[in-house]
2 protein chains.
Amino acid sequence: MDKNALFNQFVTFTAAVHQVTSDLTQNINTDAITPVQYKILEYLKVSQPVTITEISDCHHMSLPNTSRELKKLQEKNLIEKISDIADRRKFFVRLSADGEQMMHEAFARIEERFQQLIQHVPEEDLEEIKHALDILQQKVFKQEDRL
Amino acid sequence: MDKNALFNQFVTFTAAVHQVTSDLTQNINTDAITPVQYKILEYLKVSQPVTITEISDCHHMSLPNTSRELKKLQEKNLIEKISDIADRRKFFVRLSADGEQMMHEAFARIEERFQQLIQHVPEEDLEEIKHALDILQQKVFKQEDRL
DNA sequence: TTATTTACTTATCAAATGATAAGTAATGGA
DNA sequence: TCCATTACTTATCATTTGATAAGTAAATAA
């Protein structure tokens, strides 16, 4: 296997993924929410509850800035901070009812666009796609491989 | 095929792709270059030459802001604008020698990390990965499907 | 107990990005 | 020819984001 060619293919592929997801999520947040704040909520949606340091690490943003954005999200009633009983310096962050609602609607609109994207894909291709997603998730984009 | 389940898988997958590419490209641009500027250069690297409007559309940024960033890149000698002979309102943008050099080095460093990521993946899995990338690129993340 | 480290907050400043108004020059259509 | 449209630029302002210093309180180690 030509690993260099594979890298080039990887680059083209990830660029396409970024482009498609960017298109799918365009103009989704109607409300007064900034891109970083949306990213945080999106992360919470799939990973909650998480600590503030985890959010900070995962998004490569400083703790002070993470803290600031979370405060804003809390003021908008989109998240909740629950202090850890075992270690009272820590906080667990999760979506509030409003936050869940908002992300649910956002994902619903994204899903609409996604279904539109694949509406004419034949059944056997869908199976192939599902398999391909499985493979890549397992072998390339898996959680443990983070640098 | 449960299309809703496929959507959930898609969401998880794209999140993982974003995470991995974000990790791979962390701290790559040493020089005085902003994230948006890097994105533009990255786009040029794979799509040049392109017009200013194409850059603007593709990155969902306004023409004035695109123009400003291109001006900065031009002042840093990383890109060149060539006016279209057929339509003199238009400009084709491409990387300068310096820009090519810089992106070449950036990609080389990213590739190093990528090769490290897949160094222990067995040969038969690499074939499977290559096939999976092909499938998804053809059937889901293809150019024509842009909204 | 005391010192150090960890988890987080508050505050502040600079830089990057986004939005918008107003302009130029070339093109294309009536 | 004249007018509308297109492609792009310049300028300006608001907002978002990033970086950093300094602080609090809890946990841990010596």
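Residue numbers start from 1 in every chain, and the chains themselves are labelled A, B, ... in the order their sequence lines are given, proteins ahead of strands.
Picking from C/dT20, D/dA26, C/dA11 the nucleotide with the shortest atom distance to the side chain of B/P64 gives C/dT20. Closest to the side chain of B/M61, from the set C/dC8, C/dT10, C/dG18, is C/dG18. When the nucleotides D/dG18, C/dA16, D/dC8 are ranked by their closest atom to the side chain of B/T34, C/dA16 comes out on top. For B/V36, the side-chain atoms get nearest to C/dA16 when compared with the rest of C/dA21, D/dT16, C/dA16.
Across the protein-nucleic acid pair, A/Q37 atom CD and D/dT16 atom C1' stand 9 Å apart, rounded to whole Å. Between the P atom of C/dG18 and the NE2 atom of B/H60 lies a distance of 12 Å, rounded to the nearest Å. Across the protein-nucleic acid pair, A/I85 atom CD1 and D/dA26 atom P stand 15 Å apart, rounded to whole Å. If you measure from atom CD of B/Q74 to atom C1' of D/dC8, you get 13 Å, rounded to the nearest angstrom. Atom NZ of A/K39 is separated from atom P of D/dT16 by 18 Å (rounded to the nearest Å). At whole-Å resolution of the value, CG in B/N65 and C1' in C/dA21 are 13 Å apart. Put simply, CG on B/L63 is 17 Å from P on C/dT17, counting in whole angstrom units. Distance CD (B/E54) to P (D/dA7): 10 Å, rounded to an integer number of Å.
Residue B/P35 is in sugar-phosphate contact alone, with no base atom involved, counting any heavy-atom pair closer than 4.0 Å across all strands shown. Nucleic acid contact class of A/S62 (heavy atoms, under 4.0 Å, all strands): base.
For A/Q119 and A/Q115, the side-chain atoms include no donor-acceptor pair closer than 3.5 Å. Under the 3.5 Å distance criterion, with hydrogens and angles disregarded, a donor-acceptor pair is assigned to the side chains of B/Q48 and B/E100. Judged by distance alone, the side chains of B/N8 and A/E111 never bring a donor and an acceptor atom under 3.5 Å apart.
Contact between the side-chain N/O atoms of B/S67 and the OP1/OP2 oxygens of D/dT10 is not found at any separation under 4.0 Å. A sub-4.0 Å separation between OP1 or OP2 of D/dC8 and a side-chain N or O of B/K90 is absent. For the pair B/K81 and D/dT9, the criterion of a side-chain N or O lying under 4.0 Å from OP1 or OP2 is met.
Ion pair A/E69/A/K72 flagged as a salt bridge, since at least one NZ, NE, NH1 or NH2 atom sits closer than 4.0 Å to an Asp/Glu carboxylate oxygen. Classification of B/K45 and B/E42 as a salt-bridged pair fails, no side-chain N sitting under 4.0 Å from a carboxylate O.
A residue-by-residue look at B/T53 and A/D84 shows that B/T53 has its nearest nucleotide of DNA chain D further toward the 5' end. Comparing B/I52 and A/E69 against DNA chain D, the residue whose closest nucleotide sits nearer the 5' end is B/I52.
Taking every heavy atom of both residues into account, A/R113 and A/L24 meet most closely at NH1-O, 2.7 Å.
Residue B/R89 places no side-chain atom within donor-acceptor reach of the base of C/dG28, judged by atom type and a 3.5 Å distance cut-off alone. Applying the 3.5 Å distance criterion, the base of D/dA7 shares no donor-acceptor pair with the side chain of B/D87.
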